[in-house]
Amino acid sequence: MPPLLTGLIKSDQFAGMRAPLLRPVGLFVTATLLNGCAAQGAPSFSVFGAYFPGWMLCGMIGVAVAVGLRVLFLACGMDALLSLRLFTYASLGVVAALLVWLVWFGP
């Protein structure tokens with residue numbers, strides 16, 4: 001049986017070491033990370049017959065707003081005044097996505 005499946009480490013440095021705590025810790029981490037994947041309460045909706053999560057749509061709207069603001073800033077001449085363009089447009093997109101999320105799925 002391969003050493004990865006048995007949990008034993010075959011090395012001179014770790015010859016007597018076993019990993020009995022590795023499986024419970026791995027199960028705990030997996031269960032914790034999958035906790036948000038419950039079908040109940042997850043905002044999803046049907047778009048052309050496929051269910052999309054709400055955060056994906058809000059992210060796409062945020063990207064579209066950031067691109068639109070870039071075009072607007074280029075037309076107005078404000079783009080030349082920005083020193084950190086990438087971070088500015090990324091933060092504007094994130095702000096737009098979070099505002100859409102708050103308005104659409106908020107409390």
If I compare all heavy atoms of C58 with all of A97, which pair ends up nearest, and what's the gap? O-CB, 3.2 Å
Could you go through the side-chain contact (heavy atoms from CB on, under 4.5 Å) check for V100 and V103 one step at a time? CA-CA 5 Å; V100 169; V103 169; 6.0 Å; no
For the CE atom on M78, are there more than 12 heavy atoms of other groups (residues, nucleotides or ligands in this structure) within a distance under 6.0 Å? no
Out of curiosity, does V94 fall in the hydrophobic cluster containing V65 (side-chain heavy atoms, cut-off under 4.5 Å, transitive links)? no
Count I, L, V, M, F, W, Y as connected when their side-chain heavy atoms are under 4.5 Å apart, and connections chain through other members. Are L69 and I61 then in the same cluster? yes
Working for side-chain contact (heavy atoms from CB on, under 4.5 Å), residues V67 and Y89: CA-CA 8 Å; V67 169; Y89 293 121; over 6 Å; no
Do you know the tightest heavy-atom contact between D79 and R70? OD1-NH1, 2.9 Å
Given L99, L98, L92, the one that forms side-chain contact (heavy atoms from CB on, under 4.5 Å) with V95: L99
Can you name the closest pair of heavy atoms from G62 and A96 and give their distance? CA-CB, 4.3 Å
Quick check for you: to the nearest 0.5 Å, what is the distance between L81 atom CG and T88 atom OG1? 11.0 Å
